[in-house]
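Heads up: the structure comes next, in C-alpha cells.
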Amino acid sequence: THPFSTIRVERKGRAALITLDRPKALNALNLQMMDEVVAAAEALDRDPDTGCIVVTGSARAFAAGADIGEMRPQSYMDMYGADWFAGWDRFAAVRTPTVAAVAGYALGGGCELAMMCDILLAADTATFGQPEIKLGVIPGIGGSQRLTRAVGKAKAMELCLTGRTMDAEEAERAGLVSRIVPAGDLLTEALAVAETVASMSAPVAMMAKEAVNRAFETTLTEGVRFERRVFHAVFATADQKEGMTAFTEKRPPEFTHR
Ligand code: CO8
C-alpha cells in the first residue's frame, strides 16, 4: 500500500528495503523510477525509525542501465533543460547509510546507482560495467568519477572506453564491492548488514558515513581535521555515553539513536 509503481518499499525492523521492480526492462532506470527511488529514500532518511536502507533488484538484474528508449529521442536542450539525472544526486546525498545488494546486471546507470550506495554487496552472479560508449554516449550519473575513485584509472578507462564488463570476482579484486555472497544468500546477507548498521547509533552512523565520504572530496589534512571535529562532536550524543558505559559494564549497548 504505497504510491510507487516501479519500486517496492518494505520495512525490516530498523532496516528498509527498496526493490527496483521493472522486470520487463531489466529494471532500466527511467525518470519515474528515479523520482520514486529518490522520494522513497528521502522519506526513509527523514524517518528516525530507519537506520539503514538496502537497494536491490531482481536475480537477473540490479538494473541494466538508464532507460535507453526514454533517452533515445532527447535533444541536448531536452537533457540540459530538464537537468536529466540530476535527481540522482539527491539519492547520493541521503544521510542514512545505504547498502546495494547487486545480483545480475549492474550496467551503466545500474552500476552508477550501486556505486552511490555506501556498502556494495555482490552476488556471485553480479556483472558490473559502464557500457554507454557502445550506445554513443558516456556515463551520466557519476560513473566516470565514482568508478575511477573505486577501482583506479586502469580499469575505469578500459571499462568506459571498451564497454567491457567485470564479473563479481574481478569487481571484488578491484575494490568495487566489499564482499561476494552466493546469489541465494544475497538479500539475507544484505539485510543482516543493514540491521547491524541500523542497530548502531543513527547520528553516529551518519557522521561516520559523512567522514568516510569526505575522503573523496578533500585533502588528507582537511579530511583528518574534519574527522577530528566530528569525533569531538560525537561526545555530545547520548549514544556515546551509552556505548562506552555498556562496554565498562560488560553488557550490550542500547542506543537511543540520539
Ligand atoms: N533501457 C531500456 N530497456 C532495456 C535496457 C535499458 N538500459 N536494458 C534492457 N532493456 C530491455 C530490453 O530492451 C528488453 O526489452 P524487450 O523485451 O521489450 O525487447 C528487455 O529489457 C530484456 O533485455 P534483453 O532482451 O536485451 O536481455 P538479454 O538477457 O538478451 O541482455 C543485457 C541483457 C546484456 C543487459 C542487454 O539488455 C543490454 O545490453 N542492455 C543495455 C545495457 C546498457 O547499455 N546499459 C547502459 C545504458 S546507458 C546508461 O545507463 C547511462 C547513460 C548516461 C546518459 C547520460 C545522459 C545525461
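Note that ligands are numbered from 1 as they come in the structure, with each ligand's atoms numbered from 1 the same way. All heavy atoms count here, side chains included; hydrogens, waters and symmetry mates do not. Positions are given from 1, in the same order as the sequence printed here.
Salt-bridge annotation for Arg258 and Glu242: absent, with no side-chain N of the basic residue lying under 4.0 Å from a carboxylate O of the acidic one. Contact check on Arg11 versus Asp49 returns no salt bridge, with no Lys/Arg side-chain nitrogen under 4.0 Å from an Asp/Glu carboxylate oxygen. With salt bridges taken as basic N to acidic carboxylate O contacts below 4.0 Å, one links Glu158 and Arg164.
Checked by distance only, ligand 1 and Ala66 come closer than 3.5 Å through their nitrogen or oxygen atoms. The distance criterion of under 3.5 Å between nitrogen or oxygen atoms is not met by Ala28 with respect to ligand 1.
Nearest non-hydrogen protein atom to atom 47 (C) of ligand 1 is Leu135 CD1, 3.6 Å. Ranking protein heavy atoms by distance to atom 52 (C) of ligand 1, first place goes to Glu132 CG, 3.6 Å. The nearest protein atom to atom 31 (O) of ligand 1, hydrogens excluded, is given as Tyr105 OH, 4.3 Å; this is a heavy-atom distance. Nearest protein neighbour of atom 37 (O) of ligand 1, counting heavy atoms only, is Leu26 CD1, 3.8 Å. Considering only non-hydrogen protein atoms, atom 39 (O) of ligand 1 sits nearest to Leu107 CD1, 4.8 Å. Of the protein's non-hydrogen atoms, the one nearest atom 1 (N) of ligand 1 is Ile68 N, 2.9 Å.
Listed for the Lys12 side chain is no donor-acceptor partner under 3.5 Å among the backbone atoms of Glu195. Proximity of a side-chain donor or acceptor of Asn213 to a complementary backbone N or O of Glu210 within less than 3.5 Å is not detected. The closest donor-acceptor contact from the side chain of Thr248 to the backbone of Met244 lies under 3.5 Å. At least one donor-acceptor pair closer than 3.5 Å links the side chain of Arg22 to the backbone N or O of Ala28.
Comparing heavy-atom distances from atom 42 (C) of ligand 1 across Gly109, Gly108, Pro139, Ala64 singles out Ala64 as nearest.
For atom 29 (O) of ligand 1, a protein heavy-atom neighbour is present inside the 4.0 Å cut-off. Distance remark: protein heavy atom present below 4.0 angstrom from atom 50 (O) of ligand 1. For atom 35 (C) of ligand 1, the nearest protein heavy atom is under 4.0 Å away. Distance remark: protein heavy atom present below 4.0 angstrom from atom 23 (O) of ligand 1. Distance check on atom 18 (O) of ligand 1: every protein heavy atom falls at or beyond the 4.0 Å cut-off. By the definition of a contact as any protein heavy atom under 4.0 Å away, atom 55 (C) of ligand 1 is in contact. For atom 13 (O) of ligand 1, the protein comes within 4.0 Å by no heavy atom at all.
Proximity to Met79 (heavy-atom distance under 4.0 Å) selects the following atoms of ligand 1: 56 (C), 57 (C). Every atom of ligand 1 is numbered from 1 in the order shown, and the set under 4.0 Å from a heavy atom of Gly140 is 53 (C), 55 (C). The Asp67 neighbourhood of ligand 1 comprises atoms 1 (N), 2 (C), with distances under 4.0 Å to a heavy atom of that residue. Under a 4.0 Å criterion applied to the non-hydrogen atoms of Ala25, ligand 1 contributes the atoms 4 (C), 9 (C), 10 (N), 11 (C), 21 (O). Close approach of ligand 1 to Phe85 (heavy-atom distance below 4.0 Å) involves ligand atoms 53 (C), 54 (C), 55 (C), 56 (C), 57 (C).
In terms of hydrophobic clustering, with Ile, Leu, Val, Met, Phe, Trp and Tyr side chains grouped at heavy-atom distances under 4.5 Å, Trp88 and Leu44 are assigned to a common cluster. With hydrophobic clusters built from ILVMFWY side chains whose heavy atoms lie under 4.5 angstrom apart, Ile18 shares a cluster with Val102. When the side chains of ILVMFWY residues are joined at heavy-atom separations under 4.5 Å, either directly or via intervening members, Phe4 and Val38 end up in a single hydrophobic cluster. With hydrophobic clusters built from ILVMFWY side chains whose heavy atoms lie under 4.5 angstrom apart, Phe235 shares a cluster with Val204.
Of the N and O atoms on the side chains of Thr256 and Asp239, at least one donor lies less than 3.5 Å from an acceptor on the other residue.
Ligand 1 has at least one atom lying under 4.0 Å from a heavy atom of Lys24. The shortest separation from a heavy atom of Ile138 to ligand 1 is under 4.0 Å, placing the residue in contact. Distances shorter than 4.0 angstrom occur between a heavy atom of Arg60 and an atom of ligand 1.
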### Query
What's the verdict on side chain to side chain contact (heavy atoms under 4.5 Å, CB included) for Ile141 and Met115, showing C-alpha distance, side-chain angles and the deciding distance?
CA-CA 10 Å; Ile141 319 176; Met115 292 191 294; over 6 Å; no
Compile the donor-acceptor pairs under 3.5 Å between side chains in residues 145-156 and protein atoms, sequence neighbours left out, one pair per line.
residue, atom, partner, partner atom, Å
Thr148, OG1, Ser144, O, 2.5
Lys155, NZ, Glu170, OE2, 2.6

